[in-house]
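Predicted model, so just to flag it, every value in this text is computed and none were measured.
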Amino acid sequence: MVAVYDASDPSLERNFKGHKDSVTCVDINCNMKQIATGSKDSCVMIWNMKPQMRSYRLAGHTDAVTCVHFSPSGHLVASASRDKTVRLWVPSLKAESTSFRAHIGTVRSVNFSADGQSLVTASDDKTIKVWTVHRQKFLFSLSQHINWVRCAKFSPDGRLIVSSSDDKTVKLWDRNSRECVHSFYEHAGYANHVEFHPSGTCIAAASTDNSVKVWDIRTHKMLQHYPVHSGAVNSLSFHPSGNFLITAANDSTLKIMDLLEGKLLYTLHGHQGPASCVAFSRTGEYFASGGNDDQVMVWKSNFDCTTCEDVRFQHNTAPGQQGISANSTAHVPYPSRAPKPRSQTCSVAEVSNTTDWHAVSHPHNPGPSSHNQTTHSQSIRAPSTHQPPPQAQARASSPQHQAQAQTSDGGVSSALSSTLERIVNQLDILTQTVSILEQRLTLTEDKLKECLENQVDIVQQQQQLHSQG
């Protein structure tokens, strides 16, 4: 029996097919118009959220792309690769980029600082390096890991760096002193991915032991442990409110945890094979995932938007109460307004012509081991594309058509709206192009300066030789 779709449940909006091999990484632009993905096919793809806008394939790397990350302004996207280089792209049709050899081994991770001025990279050469975005100038290296470094991220305030390695440690670094201030140890596996909580007081690690751990960086204690997957966890992302955490794993599922209640909230089935990456948008309204099935899926969170505003306000007004509760929801400073998990069947459809989706009930899922309880979570599943449910498609697509009709009748014609949108996009491209040209001009000036200095040195050497002769 099919029930009425609940608007507070995550829903699949679109899926993209274009990569020729497994999708390894994903990020969403702050303007909510573009999604960047990397793949083992050596290409970076820029997908446009609006159907009428074309997508771009950015070719330049000579081996698998391991990580992509948009700059805070959205005008640049950085990519890391097995070819040992990092590229900075303008995400537009011209696909202009600058490349620099960052490491002597595979570059596993690249991440912009919150101010957009710095990059941090992690590599199989066991080092973490920090660079300037302007001119890609090397600043310093961190080198206490004794095995491949899988991931490195800046803290929200830019003062700390967190890294994870195959040496089974997660290290916390002070950016100013360049010292490791603490090491967290993984005993059963190593962390594939690590990330700061939006408050900057906690970190979460996705581990090969099929679990996710959340640590407090002030007390160095583990706050929560979620052994909810049946395969290695490849990626995770915090909702910007700090209330939710999403994971992607080899068991082909995405899972959403409610950090305030300390329990599993949703299990999402969509990818055919391991889910390799997942990321929330900067607003938390959407999240995107990629997998070994070469597909990119875009989901709408449908979380309560007022929760995000409440939490941001409390982060600013009560700094002494930031962070995640260690063991009990009684100590959580945030209002718990998360959607309640249900055990019911509801219909979900993708707004695409390629695949239709629906949900089935999954009544029982274990919560985190730090809470000795069993919770009910909802499982949303995507069936085979060969047998789409027509009723689900009609039910989910009709609100979209109604919204489009209301927009068209609102006084501005759809043709004019589309034209204005294209003009704005062209202006964005011009702005980005000018920025790249400025960077190239600066590089040219630097090279000319070096040439002049070399000529002066040569002239001085010749004068010295003449004087000695």
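Here the side chains of V278 and I246 are in contact, with some heavy-atom distance below 4.5 Å. In this structure the side chain of T106 reaches within 4.5 angstrom of the side chain of T66, judged on heavy atoms.
In this structure, a donor-acceptor pair under 3.5 Å is present between the side chains of D41 and H19. With no hydrogens or angles considered, no side-chain donor-acceptor pair links S301 and H239 at under 3.5 Å. Checking K171 against S183 by side-chain atom types alone, a donor-acceptor pair falls below 3.5 Å. W299 and S11 share no donor-acceptor pair across their side chains, judged by distance under 3.5 Å alone. For the residue pair Y266/D9, the side-chain donor-acceptor check at 3.5 Å is satisfied. Side chain to side chain, S211 and H229 fail the donor-acceptor criterion of an N or O pair below 3.5 Å. Residues S252 and H269 bring no donor and acceptor atom of their side chains to less than 3.5 Å of each other. Using modelled atom types and a 3.5 Å distance limit, the side chains of N250 and N234 yield a donor-acceptor pair. Using a 3.5 Å distance cut-off with no hydrogens or angles, the side chains of H193 and S164 do not pair a donor with an acceptor.
At a threshold of 4.0 Å, the pair R150-D166 counts as salt-bridged, since one of the basic side-chain nitrogens sits closer than that to a carboxylate oxygen. Salt-bridge annotation for E186 and K168: absent, with no side-chain N of the basic residue lying under 4.0 Å from a carboxylate O of the acidic one. Ion pair D209/K213 flagged as a salt bridge, since at least one NZ, NE, NH1 or NH2 atom sits closer than 4.0 Å to an Asp/Glu carboxylate oxygen.
Aromatic ring pairs are classed by plane angle as parallel below 30°, tilted from 30° to 60° and perpendicular above 60°; the pair H220 and H182 is parallel. Taking the six-membered ring where the residue is Trp, F112 and H69 present tilted rings, their angle falling between 30° and 60°.
Closest of all the heavy-atom pairs between A249 and V233 is CB-CA, 3.9 Å. Of all heavy-atom pairs spanning L88 and V133, the tightest one is CD1-O, 4.0 Å. Between A232 and N210, the shortest heavy-atom contact is N-OD1, 3.1 Å. Counting all heavy atoms, side chain and backbone alike, I203 lies closest to F184 at CD1-CE1, 3.7 Å.
With hydrogens and angles disregarded, a donor-acceptor distance shorter than 3.5 Å links the side chain of D27 to the backbone of F70. Side-chain atoms of D63 never come within 3.5 Å of backbone atoms of D83 as a donor-acceptor pair (strictly under, hydrogens ignored). Distance alone, capped at 3.5 Å, places no donor-acceptor pair between the N192 side chain and the S207 backbone. A side-chain donor-acceptor contact under 3.5 Å links S81 to the backbone of A64. The backbone N or O of F154 lies less than 3.5 Å from a partner atom in the side chain of N111, making a donor-acceptor pair. Remark: side-chain polar atoms of T253 are not paired, donor with acceptor, to backbone N or O of L268 under 3.5 angstrom. A donor-acceptor contact shorter than 3.5 Å links the side chain of S71 to the backbone of L76.
Each salt bridge (Lys or Arg N to Asp or Glu O under 4.0 Å) pair with one or both residues in residues 117-127, not counting sequence neighbours, appears once here: R108-D124.
With H197 as reference, F238 is the one residue of F238, F244, W215 to meet the ring-ring contact (aromatic ring centres under 6.0 Å, His included) rule.
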Walk me through it: do R175 and S118 pass the test side-chain hydrogen bond (donor to acceptor under 3.5 Å, both in side chains)? CA-CA 11 Å; R175 184 178 175 182; S118 304; 2.6 Å; yes
